[in-house]
Amino acid sequence: MKAIIIGAGKVGFSIAQMLSSENHDVVVIEQDEERALLVDEVLDVQVINGSGASWKVLESAGVRHADMVVAVTEIDELNMIACLLAKRYGVRTTVARVRNTEYVETPHFSPESLLGIDLIINPERVTAMEIAKIVANPEALNVEYYAQGRVKLVELMVDENSPLAGVKINTLDSSKYVIVAISRKHRTIVPSGSDSIYAGDHIYVVANTHDMPEVLKSIGVHRRRVENIIILGGGRTGCYIAQILEKKRLPINIKIIEKDPKRAREVTHLVKNALVINGDGSDLELLESENVGQADMYIAVSNDDKLNLLSSLIARNLGVPKTIAKVKRSEFIPLMQQVGVDVVFSPRMLTAGAILKYIRRGDIISVTVLGEEQAEMIELAVQPGSVAVNKELSKIGFPKSSVIGAIVRGDEVIIPTGKSVIRAGDQLMVFALPTSIHKVEKLFSNGGKH
């Protein structure tokens, strides 16, 4: 596949890195000369210094033969023009990052059909949707759904009081779930039965969505009800979160703190039931007077990373059990988690992940990038004629650093054991570290050689 990536910021870089590692033909177009040189040095891709909205630059990048154009610069208009030009050249798939809601929120048409772009992605909306999933699953640090919502993955923090702390995996009754990965000190492990779980670990658990409440109870995780949340920042992300939660009709009281008086007034017209407070999220007196300590969740999504960190720590010290913060700079994520912020989201990383999910081809249904080591949760369809068909899992020589979390066959969700037999047409949820991703894909694809 030939792909042209326009914009080599964090999002564009991540997509180019992933596609080039899968041996696709990748061309990166970047206007900033220094950034273009950096990408040229680091990645095995062709780099062109220029504007992606120029037909001459697109032609020099080989747009006539491209299968896909992904435009993710910081300029919405440039992204849209680049995709529209690419469509004129006959490019099959075009993706544009567009942040300005005026371009994409049309009452009568979907923005994709109106502009002829296959996927228009809004980083703030993507971030808000991820945060809304955590609000609905407050015991988790991350939540993903697969197989049309029938399979659920949750990331959980193991604390010192957890019944899992110090326990070997093979001593657990895990007939209804699989612990597909452990994240420990910035390292991701695909565990075997002899591995132990320790306090401080993040574990990734896969189960039938219907069984997940029972699974969480069995491993000592108790669901907390979220009745009161406070959102710092009345920008697009904060408004989207409130609107999504209002649409779900969850019985939640929402307060939004916004420093800018003009924006605070605007927000009151954009949300139905949330209480909007004009104030500074770093003002301890304000937070105390608004009873922040009584909130079940504090969500800091202002445009200031330092303010999000500071106010989250104040909220934690006032007694809020769960804090969520948005950061522009993904390198801050480990630091913020280290000092006590429970969940940290980078809109750029989430956007890159959402685009990668969309642009996968063939047998791959979806991909979720997890952890700092770029491990993947791959949802794939087993092809007739693949080497794994009609064999027991224990006999197919499954690659190390990977594990099957669930098998979906028709309406049935199967939590696999070594004796589970793979059938053609099965949907598999596979967790894999980068070293074993290609081997996994080959094992279940038509004509795959092992």
Side-chain angles (χ1 to χ4, degrees), residues 130 133-134 136-146 151-224 321-324 333-334 336-338 340-345 349 353 367-379 398 400-407 413 415-417 428-434 436 440:
E130 289 299 319
K133 282 197 280 187
I134 300 295
N137 299 270
E139 66 284 350
L141 300 173
N142 191 6
V143 181
E144 295 290 343
Y145 292 93
Y146 304 94
V151 175
K152 189 172 181 178
L153 176 142
V154 296
E155 179 187 353
L156 304 165
M157 168 81 166
V158 179
D159 63 30
E160 290 172 2
N161 302 317
S162 168
L164 294 178
V167 170
K168 275 193 176 181
I169 288 174
N170 58 15
T171 63
L172 298 168
D173 174 16
S174 56
S175 58
K176 290 194 172 180
Y177 65 94
V178 176
I179 297 173
V180 293
I182 299 171
S183 181
R184 181 180 297 151
K185 294 179 180 174
H186 313 298
R187 188 167 158 257
T188 305
I189 305 157
V190 174
S192 66
S194 59
D195 282 313
S196 295
I197 299 167
Y198 299 106
D201 285 353
H202 288 202
I203 60 169
Y204 294 86
V205 180
V206 173
N208 184 328
T209 301
H210 179 72
D211 293 336
M212 189 60 89
E214 184 191 333
V215 166
L216 294 177
K217 199 174 175 184
S218 74
I219 58 176
V221 177
H222 302 289
R223 286 192 69 108
R224 291 200 306 265
K322 186 140 195 168
T323 54
I324 299 174
I333 292 176
M336 290 177 87
Q337 289 171 332
Q338 230 169 356
V341 182
D342 296 301
V343 184
V344 188
F345 283 118
M349 285 173 70
V367 173
T368 311
V369 181
L370 299 167
E372 291 174 52
E373 292 191 64
Q374 299 288 298
E376 293 185 9
M377 192 74 185
I378 306 165
E379 182 180 2
F398 205 67
K400 286 183 178 177
S401 304
S402 58
V403 61
I404 296 180
I407 302 167
V413 176
I415 300 302
T417 67
L428 307 182
M429 275 35 76
V430 183
F431 184 91
L433 292 176
S436 60
V440 168

ask   = What distance separates Tyr146 OH from Glu379 CD, expressed to the nearest 0.5 Å?
value = 8.0 Å

query = If we only count heavy atoms from C-beta on, is the Val206 to Met377 side-chain gap below 4.5 Å?
reply = yes

Do any side-chain atoms of residues 212-221 form donor-acceptor pairs under 3.5 angstrom with protein atoms, and if so which ones, sequence neighbours left out?
| residue | atom | partner | partner atom | Å |
| --- | --- | --- | --- | --- |
| Glu214 | OE1 | Lys176 | NZ | 3.3 |
| Glu214 | OE2 | Lys176 | NZ | 3.3 |
| Ser218 | OG | Val215 | O | 2.7 |

ask   = CG of Leu156 to CG of Asp201: how many Å apart, nearest 0.5 Å?
value = 11.5 Å

request  = Find out whether Ile182 and Thr188 are in side-chain contact, i.e. whether some heavy atom of one side chain is under 4.5 Å from a heavy atom of the other.
outcome  = no

request  = Find the distance between NZ (Lys185) and OH (Tyr198) and round it off to the nearest 0.5 Å.
outcome  = 10.5 Å

request  = May I ask you to test the Leu433-Lys400 pair for a side-chain heavy-atom distance under 4.5 Å?
outcome  = no

query = Who are the side-chain hydrogen bond (donor to acceptor under 3.5 Å, both in side chains) partners of Ser194, not counting sequence neighbours?
reply = Ser192

message = When you compare the side chain of Ile134 with that of Lys322, does any pair of heavy atoms fall below 4.5 Å?
response = yes

ask   = Between the main-chain N or O of Ser401 and the side-chain N or O of Ser436, is there a donor-acceptor pair closer than 3.5 Å?
value = yes

query = Are the side chains of Asp211 and Tyr177 in touch, meaning some heavy atoms are under 4.5 Å apart?
reply = no

query = Once you round to the nearest 0.5 Å, how far does CD1 of Ile407 lie from CD1 of Ile415?
reply = 9.0 Å

message = Please find the pair of heavy atoms, one from Val180 and one from Pro191, that lie closest to each other, and give the distance.
response = O-CD, 3.6 Å

ask   = Step by step, would you call Ile203 with Glu155 a side-chain contact (heavy atoms from CB on, under 4.5 Å)?
value = CA-CA 6 Å; Ile203 60 169; Glu155 179 187 353; over 6 Å; no

Heavy-atom check, side chain of Leu172 versus side chain of Leu164, under 4.5 Å = yes

Rounded distance [0.5 Å steps], CZ in Phe431 versus CD1 in Ile404 = 14.0 Å

note = side chain to side chain contact (heavy atoms under 4.5 Å, CB included) filter on Thr171, not counting sequence neighbours, yields Val167, Lys168

remark   = Taking every heavy atom of Ser196 against every heavy atom of Arg184, the minimum-distance pair comes out as O-NH2, 3.0 Å

ask   = Looking only at heavy atoms, what is the nearest atom pair of Pro416 and Ala406, with distance?
value = CD-CA, 3.9 Å

ask   = Are a donor atom and an acceptor atom from the side chains of Asn137 and Lys152 found within less than 3.5 Å of each other?
value = yes

query = Val205 and side chain to side chain contact (heavy atoms under 4.5 Å, CB included): which partner among Val154, Leu153, Val178?
reply = Val154

query = Is there a side-chain contact (heavy atoms from CB on, under 4.5 Å) between Val430 and Phe398 once you walk through the steps?
reply = CA-CA 11 Å; Val430 183; Phe398 205 67; 3.9 Å; yes

message = Could you measure the distance from the CD1 atom of Ile324 to the CZ atom of Phe345? Nearest 0.5 Å is fine.
response = 6.5 Å

